[in-house]
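Notes follow the structure.
Both backbone and side-chain heavy atoms feed into the values below; hydrogens, waters and symmetry mates do not.
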Amino acid sequence: FFFLMIRRPPRSTQSRSSAASDVYKRQMEDTVVLAYWHIQSFAEPLRMLLEYLHIKYEDKAFHTDEEWAADKKALNFPFPNLPYLKDGDKVLCESEAIGYYLAFKAKRIDLFGTTEDERVQATMVRGVLADFYRDIGQFVWNPNCATDQPKVFEEKFNPRLKRLNDFAAGKKHIIGDNINLVDFLLYQVLYTVRKIDAKALDAYPNLQAIAQTFENIPEIKAYHESDRFKSRPIYDDEAPFKFPAP
Amino acid sequence: MGNLIYCMEGKIVLGYWNIQGLAEPLRLLMLYLNLGYEEKLYTDTALMREDKAKLDFPFPNIPYIIHGEKTLCESEAIAYYLVFFTKREELFGKDNDERVQSAMVHGVVSDIYNDIASKIFWNKNWEADFSKTFDEKIHPRLQRLNAFAGSKKFIICDEIRLVDFALYRVLWLIKHMDTTSLDRYPNLVRIYSSFEEIPEIKAYHDTEIFKNRPVYSPRAFYQFAKNY
């Protein structure tokens with residue numbers, strides 16, 4: 001009789017239902033949420049980073065202030081801002097902090113730099129790119145961007161591109177042989193500048209090569225072929241500078 | 001060459017305008033780290049440009065440091081370099097969570113600084129925009145920082161971190177633009193005092209060099225009162 005007794009599993013064992021709704025629920029629990037406006041801008045390097053790190057994420061895109069206000073009220077932010085990252089109960093803002101968090105989560109501290117010198121160089125490049133990115137934002141929102149474009153390129157963009165190009169000489173990625181968090185920022189700058197003017201990188205072959213190398217990373221390539229990427233505008237439609245349609 | 005203690009012969013040369021500006025947090029950091037440094041203080045744009053060209057930086061700018069063979073620009077990168085050089089990596093944070101929190105606070109503090117610089121310092125109409133900038137851009141963030149600080153001695157934890165230097169700088173500027181503006185943030189006031197009590201910082205603030213050095217660019221639209 002005892003041999004016929006069915007041995008029940010101990011109570012501590014999870015019963016992993018294979019019902020679709022439960023599978024979905026578990027998947028969503030493993031998924032982080034990256035929330036931003038429905039444009040590329042500051043979130044795009046983080047989207048590329050999530051893709052590269054194979055971290056499952058919900059790409060939450062706001063179209064209106066009301067949508068963002070609703071989230072602001074519902075979630076417990078220390079400093080409410082966009083982009084934000086939600087991972088379980090944790091909510092994090094500030095794109096640099098989010099980048100660090102994802103690199104730690106994926107156990108990829110090499111992305112900060114593989115030596116102290118690389119980490120210092122990456123910090124330097126990050127500062128340079130922050131200024132460059134600010135200049136791009138100012139240009140895109142400048143009501144006279146069309147007439148000012150040649151001057152902005154001559155006085156702001158090209159000097160920075162030249163310096164970055166010189167710095168990039170002989171390197172596979174911007175810091176060296178190893179990909180770095182700042183490569184994600186750099187690519188977004190180069191991509192955006194090339195969308196402003198298709199010829200913008202013609203004089204900067206090292207930067208073209210680095211952009212190409214980055215684009216050929218399988219995860220980046222796959223992401224760039226997705227509808228989600230292709231349908232996303234670079235900046236708001238209301239910005240004075242009109243980017244070519246995605 | 002001035003006060004011996006603060007302009008001594010040393011291995012590190014810091015190049016900048018003869019103002020507090022972006023170099024001030026680095027001065028405070030080097031003092032805190034007990035690093036001797038020499039200052040190359042520019043009052044002349046032409047001379048500064050000449051030096052920048054001679055030093056052959058990949059991204060020429062000031063502040064810069066020269067340390068033996070090494071030359072470096074970008075204040076964040078210089079701060080990192082100093083932390084590594086003195087083997088004080090706990091200043092980044094003692095664990096990953098602190099490092100992430102530091103990056104987040106640094107982002108918030110940078111946003112405050114950028115708003116102060118663009119909407120007040122370099123704004124022709126700063127007088128008209130002053131209150132609005134404080135009400136809409138500065139106070140909401142100070143309130144959040146105050147809540148985030150809680151009862152901690154410094155902004156991340158009870159020990160000083162690199163981001164405290166950036167925070168102190170921004171709080172100092174705000175306090176010297178509007179003397180009562182920090183009063184409603186007791187946690188930030190406590191952090192501000194804790195920072196100023198650090199012996200090396202306290203000593204520096206008593207020097208004539210500090211007291212006589214202008215806060216910011218003479219070309220800025222907003223000018224600080226001299227009495228500090």
Side chain, backbone, both or neither: which part of [X] has an atom under 4.5 Å from a heavy atom of chain B?
| X | answer |
| --- | --- |
| A/Leu164 | both |
| A/Arg126 | neither |
| A/Phe167 | side chain |

On a heavy-atom basis, which atom in [X] and which in [Y] lie closest, and how many Å separate them?
| X | Y | result |
| --- | --- | --- |
| B/Met104 | A/Pro78 | CE-CG, 3.8 Å |
| B/Ala103 | A/Ala97 | CB-CA, 3.6 Å |
| A/Phe79 | B/Val105 | CE1-CG2, 4.4 Å |

To the nearest 0.5 Å, what is the distance between [atom1] ([X]) and [atom2] ([Y])?
| X | Y | atom1 | atom2 | answer |
| --- | --- | --- | --- | --- |
| A/Arg163 | B/Asn61 | CZ | CG | 10.0 Å |
| B/Ser102 | A/Glu96 | OG | CD | 10.5 Å |
| B/Gln101 | A/Tyr101 | CD | OH | 10.5 Å |

Which atoms of [X] approach chain A - backbone, side chain, both or neither, heavy atom under 4.5 Å:
| X | answer |
| --- | --- |
| B/Phe85 | neither |
| B/Asn114 | side chain |
| B/Phe59 | both |
| B/Ile78 | neither |
| B/Gln143 | neither |

More than 12 heavy atoms from other groups under 6.0 Å of [atom1] on [X]:
| X | atom1 | answer |
| --- | --- | --- |
| B/Asp135 | CG | yes |
| B/Lys152 | NZ | yes |
| B/Lys52 | NZ | yes |
| B/Asp44 | CG | yes |
| A/Arg134 | CZ | yes |
| A/Lys171 | NZ | yes |

Q.
Taking salt bridge (Lys or Arg N to Asp or Glu O under 4.0 Å) as the cut-off, I'd like each qualifying pair that reaches into residues 154-166 of chain B, sequence neighbours left out, listed once.
A.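 Only B/Glu98-B/Arg161, B/Glu159-B/Arg161 qualify under salt bridge (Lys or Arg N to Asp or Glu O under 4.0 Å).
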Q) Do side-chain atoms of B/Arg144 reach the backbone of A/Pro80 as a donor and acceptor pair under 3.5 angstrom? A) no
Q: Pull out the residues in residues 103-122 of chain A that come under 4.5 Å of chain B, heavy atom to heavy atom, sorted by number.
A: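 Residues A/Phe104, A/Glu116, A/Asp117, A/Arg119, A/Val120 are the ones that qualify, each having a heavy atom under 4.5 Å from chain B.
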Q. Below 4.5 Å, heavy atoms only, C-beta onward: do A/Thr123 and B/Glu74 meet side chain to side chain?
A. no
